[in-house]
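By convention in this document, chain letters (A, B, ...) are assigned in the order of the sequence lines, proteins followed by strands, and residues within each chain are numbered from 1.
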There are 2 protein chains.
Amino acid sequence: MIKCPRCGQVETIMKAGFVRGNQRFLCKDCQYYFTIAAPDAIKTKKRRHQTTIIDIAQDLGVSNSTVSRALHGHPDINPNTRKAILERAHELDYQPNQLAHSLVKSRTNTVGIIVPEFLTQFFPNIIVGAQKVLIQAGFHLIITQSDESYETEVGNTKALLANRVDGLLASMSHDTNNYDHFLAFEKRDIPVVYFNRVTDELGTHKVVANDYQGAFWAVEHLIQNGYTRIAHLGGPPNLLISQERLRGYCDALRAHGLPVLPEYIIHGDLTVQKARIYAGYFLEMTPRPDAIFAVNDPTAIEIMLLARAKGLAIPHELGVVGFSDDPIAAHIGTGLTTVKQPTLDIGEAAANMILNLMQAEEKTLPPETVMLSTELIVRGSSLRQATK
Amino acid sequence: MIKCPRCGQVETIMKAGFVRGNQRFLCKDCQYYFTIAAPDAIKTKKRRHQTTIIDIAQDLGVSNSTVSRALHGHPDINPNTRKAILERAHELDYQPNQLAHSLVKSRTNTVGIIVPEFLTQFFPNIIVGAQKVLIQAGFHLIITQSDESYETEVGNTKALLANRVDGLLASMSHDTNNYDHFLAFEKRDIPVVYFNRVTDELGTHKVVANDYQGAFWAVEHLIQNGYTRIAHLGGPPNLLISQERLRGYCDALRAHGLPVLPEYIIHGDLTVQKARIYAGYFLEMTPRPDAIFAVNDPTAIEIMLLARAKGLAIPHELGVVGFSDDPIAAHIGTGLTTVKQPTLDIGEAAANMILNLMQAEEKTLPPETVMLSTELIVRGSSLRQATK
DNA sequence: TCATATATCGGTAACGTTTGCGGATACGTT
DNA sequence: AACGTATCCGCAAACGTTACCGATATATGA
């Protein structure tokens with residue numbers, strides 16, 4: 001019944017174990033091992049063959065190296081053959097296989113970017129800025145978002161690493177305290193540029209906005225408008241932006257002779273849920289703060305909405321200042337005073353920095369920090385004097 | 001002066017053509033061809049060697065196939081060797097090379113998505129919804145944005161094709177009239193799911209919101225609030241969303257016995273710049289429309305701002321309804337009435353559809369269209385009756 | 001006319017991984 | 001002891017592309 005595929009004999013066949021669940025046989029005559037595939041082996045859908053360089057080469061009777069050279073403008077090719085090859089490539093709808101290309105060149109011309117979220121316009125703007133620069137330089141951008149989750153962030157970095165990006169732009173999630181997944185890149189000489197959400201525990205290349213200056217100006221502006229009990233709803237303590245904005249807040253108070261009260265400082269986690277809770281805490285305090293400097297605009301907006309719900313007049317009974325100039329800020333109420341960050345510039349600066357690092361001769365360049373200036377946008381939510 | 005790298009002789013060297021611009025030599029003694037690199041040839045930084053399967057294999061004295069099988073839980077591996085391999089892989093910080101894997105499997109476990117923009121929250125929300133489903137299924141998402149440019153869109157699709165994505169989610173830019181770059185995917189049996197910005201010129205898999213119904217309800221709502229001269233600032237005529245929203249607008253007017261006036265219908269291009277121009281046109285008309293149904297929220301907001309600047313009272317002198325429920329809509333003025341689209345659901349539905357298509361046995365499944373329902377969110381900008 | 005220069009092209013190792021096929025060894029049973 | 005069976009592992013061919021090394025045929029020069 002079972003016939004040897006080599007010699008055709010039947011009676012010399014004996015069973016010889018299993019291979020991956022399939023019965024294996026041995027022909028004692030010709031000493032040939034063979035197995036018969038299980039009939040129910042499900043074949044994965046075989047993708048239709050895409051035309052390759054080899055197809056073109058065989059079609060024209062030349063070697064694949066000739067085709068490769070012709071397609072890349074190598075000088076060692078006769079103009080006639082080049083023309084024929086390009087024509088045939090177009091006819092066969094040839095699309096180069098970037099995977100094979102990257103594999104042999106060990107360069108993917110791709111940089112990855114990881115952002116904590118992109119539901120506010122802040123990070124998308126940065127991405128657009130970065131993408132513009134990178135596309136210009138012939139690089140692609142793989143965008144991932146961690147959804148403010150450390151685990152997702154680690155998963156994303158692993159995927160980017162497996163896909164062999166040539167560089168990484170990173171802005172970490174608010175609960176990232178371990179940086180091994182980022183250090184894995186630097187261990188492999190893959191440059192990393194951190195932007196916005198950075199930590200000073202890593203002495204590396206960064207692009208940040210001048211959070212300190214922006215915060216200082218914001219609080220000084222509140223003081224100049226007559227507010228004296230200014231609270232701060234901050235961000236996670238491990239992020240540099242939180243630290244810097246807090247520092248600017250404290251220094252501005254001190255510079256104007258106002259006390260820095262611990263009970264007026266709360267560290268949030270940048271989520272709207274927590275913002276609402278902490279805002280409620282502030283508004284129920286006695287004495288109630290007469291102004292709140294929030295770590296970002298969504299938080300500030302929560303404060304404004306809650307204050308409005310409680311019947312507090314803005315800016316007379318409560319001044320509010322946010323951070324980042326979210327598009328909503330211009331439209332809510334009489335406008336939310338906020339500190340504008342140059343998002344497009346941040347993206348462009350980060351992209352330019354990663355381009356430099358990827359082309360650098362040296363293995364490691366000294367860490368560099370680019371700090372872009374912020375700008376105070378004054379709107380109605382803080383203009384107590386003007387509207388009093 | 002020139003020494004043979006092999007035998008070290010000098011006088012036997014002769015020139016032998018050029019290789020890529022570099023002088024080529026031949027040692028007549030040992031018949032060795034060699035070239036000397038041009039001194040200004042910029043060496044691309046050689047990436048540090050990343051540990052491969054072969055490294056682990058040589059380190060442990062086994063074959064690379066054994067390592068590969070051990071890492072993938074193949075049964076034919078002794079538990080002890082497997083343990084040793086996994087240990088060593090961890091010690092050497094092995095990261096699999098996805099490129100090589102994809103090359104041999106000809107599957108990348110990656111789907112690409114192309115959106116026209118992501119500065120409003122609309123598309124990011126869809127992306128988040130899609131990503132959640134895809135990550136769950138073990139797929140990665142490569143996000144690209146065309147910036148509403150046909151050329152960029154073509155470039156992005158080419159890049160996704162070169163990177164051999166297994167599937168594509170596409171929402172086309174507003175000036176896309178040629179679909180060859182999308183058809184290139186289907187020609188290669190790479191499934192494509194279009195969402196939101198689709199065209200009926202392609203009879204393929206789609207996920208859309210019920211634009212017609214939403215538009216109908218919006219205009220009916222305006223009529224019920226006493227508006228009679230209702231204009232429509234629409235989108236590009238080639239997009240189905242424009243056509244459907246226009247159709248809903250027209251049908252609602254007709255259903256309530258109102259005339260459909262051509263001068264009350266303008267096709268914009270979804271940009272804010274044009275929106276402002278056309279809004280100005282409407283507001284200067286005589287008789288001036290007493291309500292405008294806008295194709296999306298940014299357009300509607302432009303109308304509101306311009307009306308406010310012209311001293312027109314909303315909703316008394318001008319009713320406005322938008323589309324998509326942008327976050328700003330809830331906060332601007334007394335709120336913008338708008339038609340909410342289930343963005344997360346659209347993303348999830350598109351992702352599920354592409355998953356089905358990628359796993360399908362058949363080469364081509366019959367085109368399917370999923371239509372998700374929309375919802376009218378009534379706010380102040382259209383409540384003439386209630387606020388009169 | 002002969003030796004060399006040039007222009008064009010081919011052969012073939014890589015790149016890192018998967019996998020079908022085959023074999024060696026050890027184990028178990030009469 | 002002899003045979004049948006299990007277990008475990010190696011070899012090598014793909015996947016598609018690039019680039020180094022040569023090999024031709026032709027052109028050029030003395």
Whole angstrom value for the distance that separates P of dA14(C) from CG of L103(A):
14 Å

Answer yes or no: is there an ion pair linking D93(B) with R188(A), defined by an N-O contact shorter than 4.0 Å?
yes

At their closest point, which heavy atom of T157(A) faces which heavy atom of F185(A), and how far apart are they?
O-CZ, 3.5 Å

I85(B) has an atom CD1; how far is it from atom P of dT18(C), in whole Å?
13 Å

Can you see if the side chain of K105(A) gets near the phosphate of dA14(C) - specifically, an N or O under 4.0 Å from OP1 or OP2?
no

Nearest whole angstrom, please: distance from the C1' of dT17(C) to the CG of N109(B).
15 Å

Using the ring pair (Phe, Tyr, Trp, His ring centres under 6.0 Å) criterion, which residues pair with H181(A)? Sequence neighbours excluded.
Y150(A)

Integer-rounded Å distance: dT8(C) P and R69(A) CZ
12 Å

Quick one, N356(B) with M353(B), criterion side chain to side chain contact (heavy atoms under 4.5 Å, CB included). Give me CA distance, side-chain angles, the key distance, then yes/no.
CA-CA 5 Å; N356(B) 282 335; M353(B) 192 181 279; 5.7 Å; no

Closest non-hydrogen atoms of T110(B) and F139(B), given as atom of the first, atom of the second and distance, are N-CD2, 3.8 Å

To the nearest Å, give me how far apart CD (Q98(B)) and C1' (dT18(C)) are.
13 Å

Is S68(B) close enough to dT18(C) that one of its side-chain N or O atoms is under 4.0 Å from OP1 or OP2 there?
yes

Note: contacts of residues 155-163 of chain A with DNA chain C (heavy atom, under 4.0 Å) are none

Over all strands shown, is T81(A) touching base, sugar-phosphate only, or nothing at heavy-atom distances under 4.0 angstrom?
sugar-phosphate

We want to know whether Q145(A) and Q131(B) form a side-chain donor-acceptor pair, criterion being a heavy-atom distance below 3.5 angstrom.
yes

N or O in side chain of H101(B) less than 4.0 angstrom from dG16(C) OP1/OP2
no

Distance check needed: dC9(C) P versus R82(A) CZ, whole Å only.
9 Å

Tightest non-hydrogen contact, residues V165(B) and T108(B), listed as CA-OG1, 3.7 Å

Over how many whole Å does the gap from N80(A) atom CG to dA7(C) atom C1' extend?
13 Å

Mind checking if L99(A) touches a base, just sugar-phosphate, or nothing, with heavy atoms under 4.0 Å?
nothing

Strictly by modelled atom types, are S63(A) and T66(A) linked by a side-chain donor-acceptor pair under 3.5 Å?
yes

Side chains of T176(B) and S173(B), donor plus acceptor under 3.5 Å:
yes

Taking DNA chain D as the partner, which of residues 55-67 of chain B come within under 4.0 angstrom of it by heavy atom?
G61(B), V62(B), S63(B), S65(B), T66(B)

Among the candidates dT8(C), dT17(C), dT18(C), find the nucleotide nearest to the side-chain atoms of N78(A).
dT8(C)

Over how many whole Å does the gap from I54(A) atom CD1 to dG11(C) atom P extend?
12 Å

